[in-house]
Amino acid sequence: MVQLAGAGVLGLAALQRGSPPRKQIFKDPTGTSDTLGAIRSGHLLFVSGIQGYYPSRRPGGPGDIKQQTADALDIMKALLEAAGSSMADLLQVQVALVNSAENWEAMNEVYNSRVPEPRPVRSYFGSTGFGNAGQLLQIDAIAYAD
């Protein structure tokens, strides 16, 4: 009887050792910022808010909304791929946009050219500004990962 109980405990320990961690962290593979990353839990990947403008990435200035959208989505793509996912696996995207009446169409044009169909559900909200002067948007997301 004691032998069976011991085998059960050893079997449980072996099962637990093989299970993935509940929270796996992926750092920014582009080296843009120490605050960028993604957390994977099970098959879900939560991507941190990615700014449209990082002075270290583009020292010449913030650029326009198209440039900032492209930069943010390039960083997102790199983060997703580093964590075993892709732009095609996006489930939800949230965009914070400065002056949305003026910037929506241009942002949406770049977004639609880089996020494949079927596109994820998306929401956006207006913002009065961010920490970096000239920053026009911030994007975060949830994706599926195998």
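Along the sequence shown, residues carry numbers from 1. Below, all heavy atoms of this structure are taken into account, side chains as well, without hydrogens, waters or symmetry copies.
Cation-pi geometry between Arg122 and Tyr111 is satisfied (NZ or CZ under 6.0 Å from the ring centre, within 45° of the ring normal).
A distance of 10.5 Å separates CG in Leu45 from OG in Ser86, rounded to the nearest 0.5 Å. Going from atom OG of Ser113 over to atom CG of Asn108 covers 10.0 Å, rounded to the nearest 0.5 Å. To the nearest 0.5 angstrom, Leu90 atom CG is 8.5 Å from Leu73 atom CG. Considering CD of Glu105 and CD1 of Ile65, their distance stands at 12.0 Å, rounded to 0.5 Å. Distance CD/Glu81 to CG/Asp89: 10.0 Å, rounded to 0.5 Å. Rounded to the nearest 0.5 angstrom, Arg22 CZ and Ser41 OG are separated by 6.5 Å.
Just one of Leu79, Leu44, Val47, Leu80 meets the side chain to side chain contact (heavy atoms under 4.5 Å, CB included) condition when paired with Ser85; it is Leu80.
Residue Gly52 comes nearest to Ala72 through the heavy atom pair CA-CB, 4.4 Å, listed as atom of the first residue, atom of the second, then distance. What you find for Lys66 and Glu109 is that their closest heavy atoms are NZ-OE2, 3.2 Å. Taking each heavy atom of Gln67 and Asp64 in turn, the nearest pair found is N-OD1, 2.9 Å.
Residues Pro62 and Gln135 form no side-chain contact, since every pair of their non-hydrogen atoms from C-beta on lies 4.5 Å or further apart. By the 4.5 Å heavy-atom criterion applied to side chains, Gln68 and Arg58 are counted as neighbours. In this structure, Leu136 and Tyr53 have side chains that are not in contact, with every pair of non-hydrogen atoms separated by 4.5 Å or more. Side-chain contact between Lys23 and Arg40 is absent, with no heavy atoms from C-beta onward closer than 4.5 Å.
Hydrophobic clustering keeps Val110 apart from Met76 (ILVMFWY residues linked when any side-chain heavy atoms are closer than 4.5 Å, directly or through intermediates). In this structure, Val93 is a member of the same hydrophobic cluster as Tyr124, with clusters built from ILVMFWY side-chain heavy atoms closer than 4.5 Å. By the criterion of side-chain heavy atoms lying less than 4.5 angstrom apart, applied directly or through intervening Ile, Leu, Val, Met, Phe, Trp or Tyr residues, Phe46 is not grouped with Val115; the two fall into different hydrophobic clusters.
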Show me the donor-acceptor pairs within less than 3.5 Å that the side chains of residues 137-146 make with the rest of the protein, sequence neighbours left out.
unit_1, atom_1, unit_2, atom_2, d
Tyr144, OH, Asp146, OD1, 3.3

Would you list the atom pairs, donor with acceptor, under 3.5 Å between side chains in residues 30-39 and any protein atom, with sequence neighbours excluded?
unit_1, atom_1, unit_2, atom_2, d
Thr30, OG1, Asp28, OD1, 2.6
Thr30, OG1, Asp28, OD2, 3.0
Thr30, OG1, Thr32, N, 3.3
Thr30, OG1, Thr32, OG1, 2.7
Thr32, OG1, Arg57, NH1, 3.2
Ser33, OG, Thr35, N, 3.1
Ser33, OG, Thr35, OG1, 2.8

